[in-house]
**Q** 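Got a structure for you, written out below as structure tokens; questions coming shortly.
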Amino acid sequence: MKLIIAIIQPDKLDAVRQALIDAEITRITVSRCTGHGRQEDIDLYRGQEVSPNLIPKARIEIAVNDGFEKVTVDTIIKAARHGDGKLGDGKIFVQDLVRCIRIRTGEEGGEAI
Amino acid sequence: MKLIIAIIQPDKLDAVRQALIDAEITRITVSRCTGHGRQEDIDLYRGQEVSPNLIPKARIEIAVNDGFEKVTVDTIIKAARHGDGKLGDGKIFVQDLVRCIRIRTGEEGGEAI
Amino acid sequence: MKLIIAIIQPDKLDAVRQALIDAEITRITVSRCTGHGRQEDIDLYRGQEVSPNLIPKARIEIAVNDGFEKVTVDTIIKAARHGDGKLGDGKIFVQDLVRCIRIRTGEEGGEAI
Amino acid sequence: MNSRFKMGSPLLALAAAALAPAIAFAQDAATAVAPAVDAAVAAAAPAPAAPPAIDTGTTAWMLTSICLVLLMVPGLALFYAGLVRTKNVLGTMMHSFIAMAIIGVMWVVVGYAMCFGDTIGGVIGWNPAYLGLSGIDAKDGGTFTMAGVTIPHFVYIMFQGKFAIITPALIAGAFAERVKFSSYCVFILLWSLLVYCPLCHIIWGAGFLSCKNIDLAGGTVIHIAAGIAGLVAALYLGARRGYPKQTMSPNNLTMTLLGAGLLWVGWFGFNSGSTIQSGLDTGRALAMTQIAAAAGALSWVVLEGIIHKKATSLGFVSGMLAGLVAITPAANAVTPFGALMLGLIPTVICYFAVQMKNKLGYDDSLDVFGIHGVAGIVGAIGLMFFLRTEPKNIASTCADTWGGQMVYQLEGVALSIAVSGVLTLVLLFVINKVMGFRLSAEAEQAGMDHALHGEHGYGLLNLN
Amino acid sequence: MNSRFKMGSPLLALAAAALAPAIAFAQDAATAVAPAVDAAVAAAAPAPAAPPAIDTGTTAWMLTSICLVLLMVPGLALFYAGLVRTKNVLGTMMHSFIAMAIIGVMWVVVGYAMCFGDTIGGVIGWNPAYLGLSGIDAKDGGTFTMAGVTIPHFVYIMFQGKFAIITPALIAGAFAERVKFSSYCVFILLWSLLVYCPLCHIIWGAGFLSCKNIDLAGGTVIHIAAGIAGLVAALYLGARRGYPKQTMSPNNLTMTLLGAGLLWVGWFGFNSGSTIQSGLDTGRALAMTQIAAAAGALSWVVLEGIIHKKATSLGFVSGMLAGLVAITPAANAVTPFGALMLGLIPTVICYFAVQMKNKLGYDDSLDVFGIHGVAGIVGAIGLMFFLRTEPKNIASTCADTWGGQMVYQLEGVALSIAVSGVLTLVLLFVINKVMGFRLSAEAEQAGMDHALHGEHGYGLLNLN
Amino acid sequence: MNSRFKMGSPLLALAAAALAPAIAFAQDAATAVAPAVDAAVAAAAPAPAAPPAIDTGTTAWMLTSICLVLLMVPGLALFYAGLVRTKNVLGTMMHSFIAMAIIGVMWVVVGYAMCFGDTIGGVIGWNPAYLGLSGIDAKDGGTFTMAGVTIPHFVYIMFQGKFAIITPALIAGAFAERVKFSSYCVFILLWSLLVYCPLCHIIWGAGFLSCKNIDLAGGTVIHIAAGIAGLVAALYLGARRGYPKQTMSPNNLTMTLLGAGLLWVGWFGFNSGSTIQSGLDTGRALAMTQIAAAAGALSWVVLEGIIHKKATSLGFVSGMLAGLVAITPAANAVTPFGALMLGLIPTVICYFAVQMKNKLGYDDSLDVFGIHGVAGIVGAIGLMFFLRTEPKNIASTCADTWGGQMVYQLEGVALSIAVSGVLTLVLLFVINKVMGFRLSAEAEQAGMDHALHGEHGYGLLNLN
Ligand SMILES: Nc1ncnc2c1ncn2[C@@H]1O[C@H](COP(=O)(O)OP(=O)(O)O)[C@@H](O)[C@H]1O
Ligand SMILES: Nc1ncnc2c1ncn2[C@@H]1O[C@H](COP(=O)(O)OP(=O)(O)O)[C@@H](O)[C@H]1O
Ligand SMILES: Nc1ncnc2c1ncn2[C@@H]1O[C@H](COP(=O)(O)OP(=O)(O)O)[C@@H](O)[C@H]1O
């Protein structure tokens, strides 16, 4: 099993969610974070342009069975891109997942995902 | 060492915290997240029932020595369940933890957990 | 590749950010969390001292190539410490990272970090 | 010049003249012109040339009312902004705030002249002395008299101006979260000039429905007009992207509740101030406003309790709003029991109107039509069944019979629907063609705050 | 009919009659009945049949006071809601807001009649003409006269009604975060009928303590009654689950501070409006209110600074509140120095009362007793030591001696404690048996917002 | 004793005396002393011994104005607090709130005596009867008369006191997020005594510039003084750690907008109340305030739109504030066109002043100088070009010619800059030496809320 973490632009969250659902990946955990990559984000403050050090991002976590890793990653890449890809579009991290347990039933592993 | 991530219902956070303390697991990190599993959550909006796509959840992270993995997972399962288990009770993910360092002292590994 | 998670005091976030930049580690993801370790934090409520069960913390995630693990960890330890180390200064967790993908370009691995 | 209320009897005017000296002292002494002072000293002689003495008490209440009605603008901003998504919270507040600036300036430049100047064909007003408010001081020594009570003219102008500000701001709720700021600014300016000013002149100024409508504080002129404009705009501009599949949860209901609190309080100035007195009708208007608001809020909460076994805070404020809107035209005209009914009945109808919207599927995002439009119409007509006295004893109308008044009410409602409906559509069409009204898909996804204003509402969400 | 203040001397009444014509002009001219106009024209003849002329200035201030006191309800909602946990923020606001609806309706239906109708045995009022406010217009031409000043009767009714609204809402802080909404609604309705109305009638209406208590704006009638009710409820209902082991941190102190700001401003209407004038006593009441609030806030902050080396914002507003509560009965009765002391002393006592609660371990969650109850009692008795003049010169009492007045004050306090204490307990018991008062453990864990209202206060916390 | 306005002509005073009986009825009857009643009954006889009758209407408006100006303090707290970082939100609010307590107490103890007591050398006031407000009731029966209008003395005192509260609170924005709370408390107390009271006495009391300045509501006394103090403090104390490299984003702009809304409304009390009437000048002041605020907000938004193609909400409120500050001295003195210009011109200048600050690199964190200082200076001088009449017809000045008045205006501005600039520097230096003014690096990093107040503003950010 894999735990996939994607840091994306918040304005693409809906699109990514939808694309994942279309790919039949419906279980997902999302949280707010802020990040710094190459992107610059311009806000205005009393007529002055300011560029915050940390920019709001959405952080997605998805646990999948190994067979689903590729489709999940590909789906995210496609849905999270602005046009042909813009600075700040984000990152995907894939980690090994040792165990996965459904609290309700106590089921483990593949079927608990 | 293992890093245990549990996504639970926010209303069970206190119970889980307490159960973990009773099991002598006191160090913990908690954050807000929202998630989508099988659960549906009904809110009202001007007389209409709406079901948000993403539901507020609490995300718990606990780093434990390998020997503590079982008791931690079991404790969470027991404390986080509503009755005999309800949709939305949550998930536990267990990952390997390569290193753990206490910033204050620089200690590493088992005793730093 | 490694995924480094550091839980630090929020008041040290700026210092850690700066130190990391000085060490040429600029990409970073930050989120709010609350945690419980050994530290006690005293707030006042109508003349009474109260100590919240969970204390606000900053959670930093950094994906690095293996060669950068040491410098990253060392930098964080140095910058996040209050004086010679105070309760609550935090923890660093290091995990293996299997894949890392830049969404914009689809690049993978070391150069995508 | 103004017929929002019928003039007092000649006898009253005579009494006023006879007593003017006795109260001249109360007048704005520091700026009193010499004749007034002479008259006061001469004690009982008539002083026809002097401007009438200002009633300090009425002036005090009108000044207060201005403050209260202006407070409704931030109130509305909070109310609306709490209901949208996080990324649009500032943009939504700006929809209300910018009206204070744009209409605030427009009103002194031409708005007052167009609403309360001498009539041109019963349709629109005009008075060069009102342009830029340049001739106010010169006219009647800067005073304004209605039904025998005199206040500073500037006070009357500012009070009326606050209504002009809030009306277009109401519409914004119908197309929340999806329009360009620049287009919105142009829209409210033109809408004010083309829809609000004529309607206001026709019903409250010297227009062709003057002294005919019972519309104390703008059920017809304001709420129906705004509600219909909202409906047309929601239909014309189309739904938010993702609606209704994606749930769009309120980002901050505590803000909406605070806004509702400010609206309730501000509405006292809105309705009671509209009596342009500090007397019996003022007290009555305040009492009926309070009763209808309470009854409206209670009705919605009870209805939800029955249907869903839960009572929402948004339901509370929705019912409150429906009651307030419905009592707006009627606050000086109905009995306490009537006020209770005008809280209850329109609220129930609004409740189902909102459910209907959900069925029909158009996206009147914050229910401008469902609340303001519907409750406005129900109130304007419904008040006829709860009159406290014959129509002719009510300050704002000259009708002879109940039936005659009913016709006037229907005329008013029909006029407001027609004028606002047609002209709003034209405006939307033109602005859309010329500069585009909707946000681009990207900007809508990113949110108005960042895309249009370069800001984020809640910096606190991010660690900084 | 009303003895909140003693009547002016007959001389004054005579003066009023003689001068009525001279000020008739200031009256609500649009609705003036013919005789008044005739009288005005006849210039100096007495006009006994006409209702007295309305004082527009006093009316203006009373209207404003109504707005200010109503503003206190959202203020209280914010104040309380900021102090509870995130999951209960809306439910807590609803505790205040729903009082506007329930008591708002109750007041016009029977409340005013029960408080200010003719007395039945000195214990409760009744007047069929006041039921549903159906006979207000017919009585004295809709006017209300007290101590020679006339205002519209509806204004007086609405002003008094706002006090009825806020009193039960205060109690909610004592059992915050743990009661059922439906039970709470029933509770405040019955509490108003059984506790507030009698107390109000006995002390402010024509009840057996009329013209005896110095209680300008409700130290005894409102704050002691609510404080005791809160104490009884906190003891009877028990603590929140997890209290005190689990810390329950305020979710939004900025909201509490804003609420406190609105309360401070609103209190000016509360206290100064209670003089039912726009004159010397009004100004005095406002000044003393300001002084006590400032002194109270400062005292708590200094005390915390001394004890903890930190000054909290919650401390600031707690001290402010203690000062405001303590000055409430006394605002027209004490010297400026007295106001300073009534800010300082009760605040210090409240500070230690709150610490005591923490020791005793009961869960008066937002310190309704610790602040309102304690400061109310200290203020009602403490004011006797700072009177600016002999009791008999103070508007609301007829006592002859200092000692006599002291007895009256103690009687008032004892009465309020006894009536509120006993009847609150009975009410809690009955409601608890019939429908249950506490939330279930699950609902309490889930939070009132979701469990009772189907909403979330801060949608912004979640990515949407 | 007071020369904020020149006295009315003797003729007026005579008229007042002659008419006093006729309006005695309107007076605070419950406390009316016997002679007044007798006089009223005697109907037309002069009653020289009795204090003049209180005008209930003017009193009502002044009471309202007090409420409105006090509301500006929470308004300012919200405005400032929304702009700082999350960790300083409460500390920033406390900077405003604590002024209500400290200056609130100081004002009644010595402040009023120092501002409006008899002059000592034209520089400072003194009057033992004003100390602790102990002699207010005894003087003129507790009344205060200006330009022939009488109100309760306590009302006048409280109104002036609100200005004393808000002025030092304004300064706090200049050194936001970096000072010790205790030092701040000492600072505002001493600043009020050493800077505000003398300036207030010199220009508004019986000081050496009395009846010379056109400064209706404090452009010179308040905004220039606070703006200069802010500039000096920002320079002396140095920038926030990390400034300007680290971006310091507003934590909650919705809060800032709400604060701005309250400020706009409150400003009506600020400016219109300063006319100490409820008459022509009052209405005029309100109208000009509204116009300048609207024009200011619009100007900034348009400017940003042109330069950045985006219009920010912070820009809106900054322009609004600039307009409000600029019209403050001028609200009863300029034409409507002038008000428009005093909204437009100062806003444009402020816009560039703020950009300049960014270039110069000093950290006037919330632009106290850039907005209050700059707009205050531009307004105080700029008003001369838009006067609606000759200076001598304007209530607060006695100048004979336009040129003479211009000299007075420049004198006032220069005086305010000099006094505030020098004494602020001295104060900062002394306090810094004695107790330290800046926060330690650790405390500044941790944030004021936790380090100084032991609290967190938004508990909601953490799961509890
Ligand atoms: N190496 C990394 N470690 C942690 N977070 C990262 C890393 N690289 C990128 N991120 C996160 O992803 C977000 C988007 O990154 P982006 O600017 O698209 O990356 P890049 O600069 O590599 O193109 C960043 O704001 C940050 O939150
Ligand atoms: N495969 C997964 N990946 C990421 N998060 C998950 C996954 N499964 C469940 N979650 C998280 O756990 C929460 C509760 O899941 P739940 O509805 O109990 O799961 P299930 O539907 O499997 O019973 C979800 O809201 C989501 O946040
Ligand atoms: N074993 C752990 N698992 C999860 N989080 C931890 C663990 N240990 C520490 N933390 C997080 O790090 C924060 C700081 O810990 P700290 O008090 O410095 O640790 P310690 O008590 O080991 O010195 C805690 O508040 C918690 O959020």
**Q** Between A/L3 and chain B, which part of the residue has a heavy atom less than 4.5 Å away: side chain, backbone, both or neither?
**A**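 Looking at A/L3, just its side chain touches chain B.
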**Q** For the atom pair CG (A/L97) and CG (B/D96), what is the distance rounded to the nearest 0.5 Å?
**A**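 Answer rounded to 0.5 Å: 10.0 Å.
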**Q** Do other residues, nucleotides or ligands put more than 12 heavy atoms under 6.0 Å from B/D84 CG?
**A**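 Open: at most 12 neighbouring heavy atoms sit under 6.0 Å from CG of B/D84.
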**Q** With a 4.5 Å limit on heavy-atom distance, are the side chains of B/L54 and A/R17 in contact?
**A**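 They are in side-chain contact.
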**Q** So which of B/K2, B/K86, B/Q95 has the biggest tally of heavy-atom pairs under 4.5 Å with chain A?
**A**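 Among B/K2, B/K86, B/Q95, the one with the most close pairs to chain A is B/Q95.
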**Q** Out of B/H82, B/K78, B/R38, return the one with the most heavy atom pairs under 4.5 angstrom to chain A.
**A**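 Result: the option with the highest number of such pairs is B/R38.
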**Q** Pick one of side chain, backbone, both or neither for B/L87, based on which atoms fall under 4.5 Å of a heavy atom in chain A.
**A**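 Contact with chain A involves both backbone and side-chain atoms of B/L87.
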**Q** Using a 3.5 Å distance criterion without hydrogens, assess whether the side chain of B/R81 forms a donor-acceptor pair with backbone atoms of A/R104.
**A**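 Between the backbone of A/R104 and the side chain of B/R81 there is a qualifying donor-acceptor contact (under 3.5 Å).
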**Q** Please output the residues of residues 56-76 of chain A in contact with chain B, using a heavy-atom cutoff of under 4.5 Å, in numerical order.
**A**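 Within residues 56-76 of chain A, near chain B: A/R59, A/E61, A/A63.
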**Q** Just give me the residue among A/I113, A/V30, A/T26, A/T29 that pairs up with chain B most often, heavy atom to heavy atom, under 4.5 Å.
**A**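 The answer is A/V30.
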**Q** Chain A: which of B/I55, B/T34, B/I77 shares the most heavy-atom pairs with it under 4.5 Å?
**A**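 Top count of heavy-atom pairs under 4.5 Å with chain A: B/T34.
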**Q** How long is the span from the CZ atom in A/R99 to the NZ atom in B/K91, to the nearest 0.5 Å?
**A**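 Between atom CZ of A/R99 and atom NZ of B/K91 there are 14.0 Å.
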**Q** Among B/N53, B/D89, B/I92, which has the most heavy-atom pairs under 4.5 Å with chain A?
**A**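 Among the listed options, the one with the most contacts to chain A is B/I92.
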**Q** Find the one option among A/C100, A/G106, A/S31, A/A112 whose heavy-atom pairs under 4.5 Å with chain B are most numerous.
**A**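 Ranked by contacts with chain B, first place is A/C100.
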